[in-house]
Amino acid sequence: DPAEAAKRAAAQWAASQIEDGMKVGLGSGSTSALVIAEVGRRVAEGMKITAIATSLRSQEQAESLKIPMSNFGDTPRLDVTIDGADEVQEGTLHLIKGHGGALLREKIVAMASDKLLIAVDPSKLVKTLGSVFQLPVEIVPFGWETTYKRLSDLGFAPEMRMKEDGTPYITDGQHYIFHCALPSERTTEGNAEALKHTVGVVEHGLFLGMANRVVIGSPDGIQVLEA
Ligand code: DER
């Protein structure tokens, strides 16, 4: 499967950027799972790192691989976080993240990191954000109907993310996720601001100006984009 090979190439290169003694943020999603597997292999060979995960699922995978885990009480800053993305905008390296449901912890961990390295397959590169994916937005469950209305009135056309059983998806942080459109009447930054200032919104999946490097895997190698 060429997409799998591309993800694997990106993940392995990203994991190779980790140096002994580093404090590392571990991302969420299928590409990050390949990164964590590679990090686990290197830890088994003697690499010394401490890590903080961006989701319970990534935490469980890392612990199963005996990757030493820490927390922000003991480790307030990280040297690098390696994560995936749903969309990477060519040129700006702005990201849409969150389709793995982990955007809140991903953004908190990314903000505590000196460097953010994103590993993707080529399908994630877009010219305009929102062209392939809608934007995930994390919402407080209490009064979600009122937040839904506020976001609708702002043109975001929110849709509740549901589980197979027909109940709302619940994040690690015990919140809901709305999938939103990006109204063209505002700039990307304008939409990010409007979301952040909407009561009931916890966080959104626009990671603007946060990625330092993006590694794009392909079946015959990798390409690295620098911010
Ligand atoms: O939720 C996220 O931002 C994750 O990084 C995820 O969406 C990336 O997806 P992947 O499974 O294609 O790596």
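Atoms within each ligand, like the ligands themselves, are counted from 1 in listed order. Worth knowing before you read on, the calculation uses all heavy atoms, side chains too, and leaves out hydrogens, waters and symmetry mates.
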Next item on the list: Taking only heavy atoms of G84 into account, list the atoms of ligand 1 that are under 4.0 Å away from them.
Entry: 5 (O)
Check: Nearest protein heavy-atom contact for atom 4 (C) of ligand 1: which residue, which atom, what distance?
Finding: S28 O, 3.1 Å
Check: Just checking, is any N or O donor in the side chain of S70 or T75 under 3.5 Å from an acceptor N or O on the other one?
Finding: yes
Notebook entry, point to check: What protein heavy atom sits nearest atom 13 (O) of ligand 1, and how far away is it?
Noted result: T31 OG1, 2.8 Å
Notebook entry, point to check: Are a donor atom and an acceptor atom from the side chains of S30 and K7 found within less than 3.5 Å of each other?
Noted result: yes
Next item on the list: Among all protein heavy atoms, pick out the one at the shortest distance from atom 7 (O) of ligand 1; state its residue, atom name and that distance to 0.1 Å.
Entry: D86 OD1, 2.6 Å
Check: Would you call R42 and E38 a salt bridge, taking side-chain N to carboxylate O under 4.0 Å as the test?
Finding: no
Checklist line | Subset of ligand 1 atoms that lie under 4.0 Å from at least one heavy atom of G98 | finding: 1 (O), 2 (C), 3 (O)
Notebook entry, point to check: Counting each atom of ligand 1 from 1 as listed, which ones have a heavy atom of G29 under 4.0 Å away?
Noted result: 11 (O)
Checklist line | Proximity flag G27 to ligand 1, non-hydrogen atoms under 4.0 Å | finding: no
Notebook entry, point to check: What atoms of ligand 1 come closer than 4.0 angstrom to any heavy atom of H99?
Noted result: 1 (O), 7 (O)
Next item on the list: Compute the minimum heavy-atom distance from A102 to ligand 1 and say whether it is under 4.0 Å.
Entry: no
Margin query: With a 3.5 Å distance limit and no angle check, can you tell me whether K196 reaches the backbone of H204 through a side-chain donor-acceptor pair?
Written below: no
Note to self: Show every ring-ring contact (aromatic ring centres under 6.0 Å, His included) that has at least one partner inside residues 207-226, sequence neighbours left out.
What the structure shows: none
Notebook entry, point to check: For ligand 1, is any non-hydrogen atom under 4.0 Å from L103's backbone (N, CA, C, O), its side chain (CB onward), both, or neither?
Noted result: neither
Checklist line | Atoms in ligand 1 flagged as close to E106, the criterion being non-hydrogen separation under 4.0 Å | finding: 1 (O), 2 (C), 3 (O), 4 (C), 5 (O)
Check: Can you check whether S32 has an N/O within less than 3.5 Å of an N/O in ligand 1?
Finding: no
Item checked: Flag, side chain of H197 to backbone of E193, donor-acceptor distance under 3.5 Å -> yes
Next item on the list: Compute the shortest N/O to N/O distance between S30 and ligand 1 and return yes if it is under 3.5 Å, no if not.
Entry: yes
Next item on the list: Please write down residue, atom name and distance for the protein heavy atom closest to atom 12 (O) of ligand 1.
Entry: K124 NZ, 2.6 Å
Check: Is the H99 ring parallel, tilted or perpendicular to the H179 ring (thresholds 30°, 60°)?
Finding: tilted
Check: What atoms of ligand 1 come closer than 4.0 angstrom to any heavy atom of D83?
Finding: 5 (O)
Check: What are the atoms of ligand 1, with element, lying closer than 4.0 Å to any heavy atom of G100?
Finding: 1 (O), 2 (C), 7 (O)
Item checked: Test item: Q61 side-chain N/O and A33 main-chain N/O as donor-acceptor pair under 3.5 Å -> yes
Notebook entry, point to check: At a 4.0 Å threshold, what atoms of ligand 1 neighbour a non-hydrogen atom of K97?
Noted result: 2 (C), 3 (O), 4 (C), 5 (O)
Item checked: Lys/Arg N to Asp/Glu carboxylate O, E87 vs K97, below 4.0 Å -> no
Check: Does the distance from a Lys or Arg side-chain N to an Asp or Glu carboxylate O, for R41 and E45, drop under 4.0 Å?
Finding: yes
Check: Roughly how far, to the nearest 0.5 Å, is CG of N191 from CZ of R186?
Finding: 5.0 Å
Checklist line | A85 and ligand 1 - part of the residue with a heavy-atom distance under 4.0 Å | finding: backbone
